[in-house]
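Structure first, commentary second.
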Amino acid sequence: MKQKVVVFGSYVVDLMGRTPHLPVPGETVKGSFFKMGAGGKGFNQAVAAHKTGAEITVITKMGRDSFADVALNVMDELKMPKDGIFFAEDTETGIALILVDENSSENEIVIVPGACATFSEEDTERAAELINGAAYVLLQLEVNQDANERVMKAANQCGAKVIVNTAPYSEVTDEFLAGAYMVTPNEVEAFEMTGVEVKDFDGACRAAEVFHQKGVKVVLITMGSQGVFISDGEERKLVPAFKVNALDTTGAGDAFNGGFLTALSEGRNVWDAAVFANATAALSVQKLGTTPSMPTREEVEEFLHSRGIKE
Ligand code: RIB
């Protein structure tokens, strides 16, 4: 049985340019390709979860402008419920400037969150109503943190498990971490939050211990091509990543978190959910863009089948 899940987080418009190399300060480089599309970690994760089959409500905030239409059109196309969309009357929709190196597929991102960093107390009270009955609530660190704190409190009060994707890294309080059932940092964020370098399995175990001591039940560290480290406080394992040729890795973490949420909402354990999430991410990096690169359920199942994994 599918459980209801919620993503509370950012929506911005991604302005993505591909370039022969990433410019150094003061340098102008002629790019080769431009694409505008829906982005923001919250929105990307919600789209990934929706497309891979979750019963999802996305709660985000945008301006009353044409950049908001980019998301609303995607939601219409994908038949996503819009009851969690809030509008700012006097702040514009945020944007992200994304440069992708067409040779290495490395990227550089500057995000200006705009409207999605203006969640008010009234907004989070409405968000709390939408969260009621959800099994999991997924947060990131791209919106105003006071709103994340209020939403976490509301989620915990109604019995939902809170997953915090700690991206992009920002300082959070120990109280906030203690309210998280699970955290999903990458190696860099894990280092920034714990002070422990995560280069290998041992480093991941030590970083996980710091999170556990702060009250987090499950720690999942995405380690790029090495795969995903998971510790539930008793067992510790590395779930290997799938090898694919990456075209654009922007949003791979969002694809992972969205796919992971879908699998959890279907009652899978964290280890099996990580395999499903790895497949979601592996498919997303083979396409350009963030939201447009999120795979469908059929694509994930076909991919897993092609790798000899039975769904
Ligand atoms: O994780 C990728 C996302 O980060 C992009 O879509 C961009 O909007 C930034 O928020």
Side-chain angles (χ1 to χ4, degrees), residues 7-18 22 33-51 58-63 65 67-71 73-75 78 91-101 105-119 138-145 147-148 163-170 183-190 192 220-222 224 228 246-261 277-278 280-295:
V7 175
F8 174 77
S10 55
Y11 164 68
V12 300
V13 163
D14 284 351
L15 304 168
M16 188 270 282
R18 279 171 74 77
L22 299 172
F33 180 84
F34 169 76
K35 197 175 168 82
M36 182 174 105
K41 293 184 192 302
F43 195 75
N44 293 340
Q45 293 176 14
V47 169
H50 173 81
K51 287 185 77 175
V58 53
I59 306 176
T60 189
K61 193 161 180 177
M62 46 195 78
D65 49 36
F67 277 3
D69 296 339
V70 177
N73 291 341
V74 169
M75 295 181 87
L78 297 175
T91 311
E92 288 170 356
T93 302
I95 55 104
L97 304 171
I98 304 176
L99 295 178
V100 180
D101 184 317
S105 62
E106 277 178 322
N107 61 42
E108 276 178 0
I109 304 179
V110 174
I111 173 183
V112 184
C116 71
T118 69
F119 280 103
L138 174 59
L139 311 177
Q140 317 75 33
L141 303 180
E142 230 166 28
V143 302
N144 46 313
Q145 182 59 9
N148 263 341
I163 304 170
V164 181
N165 172 225
T166 55
Y169 168 72
S170 331
V183 289
T184 64
N186 63 19
E187 309 107 302
V188 178
E189 292 147 10
E192 286 166 322
L220 187 157
I221 305 177
T222 52
V228 179
L247 185 63
D248 178 6
T249 57
T250 324
D254 299 334
F256 179 90
N257 278 278
F260 190 66
L261 189 61
N278 273 344
T280 311
L283 285 162
S284 81
V285 300
Q286 295 177 65
K287 286 193 186 154
L288 287 181
T290 51
T291 298
S293 71
M294 299 306 170

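Numbers for residues simply follow the sequence, beginning at 1. Counting starts at 1 for both ligands and their atoms, following the listed order. Note that this is a predicted model, so its numbers are computed, not measured.
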Numbering the atoms of ligand 1 from 1, which are under 4.0 Å from a heavy atom of A96?
7 (C), 8 (O)
Atom 4 (O) of ligand 1 [closest protein heavy-atom partner, distance rounded to 0.1 Å]
K41 NZ, 3.2 Å
So F43 and Y11, would you call those rings parallel, tilted or perpendicular, with 30° and 60° as cut-offs?
perpendicular
Quick one: which ligand 1 atoms are inside 4.0 Å of a heavy atom on V12?
8 (O)
Please write down residue, atom name and distance for the protein heavy atom closest to atom 9 (C) of ligand 1.
E142 OE2, 3.5 Å
Among T280, D254, L78, whose side chain to side chain contact (heavy atoms under 4.5 Å, CB included) with M294 holds?
D254
Close side-chain approach of T249 to N107, heavy-atom, < 4.5 Å
yes
Taking the side chain as every heavy atom from C-beta outward, state whether E189 and T184 have any pair of such atoms under 4.5 Å apart.
no
G40 touching ligand 1 at heavy-atom level, < 4.0 angstrom
yes
For ligand 1, does N44 get within less than 4.0 Å through its side chain, its backbone, both, or neither, judged by non-hydrogen atoms?
side chain
Residues T291 and N44: side-chain donor-acceptor under 3.5 angstrom
yes
Looking only at protein heavy atoms, what sits closest to atom 2 (C) of ligand 1 is D254 OD2, 3.3 Å
What distance do E108 atom CD and I98 atom CD1 have between them, rounded to the nearest 0.5 Å?
11.5 Å
Among protein heavy atoms, which lies nearest atom 7 (C) of ligand 1, and at what distance?
D14 OD1, 3.3 Å
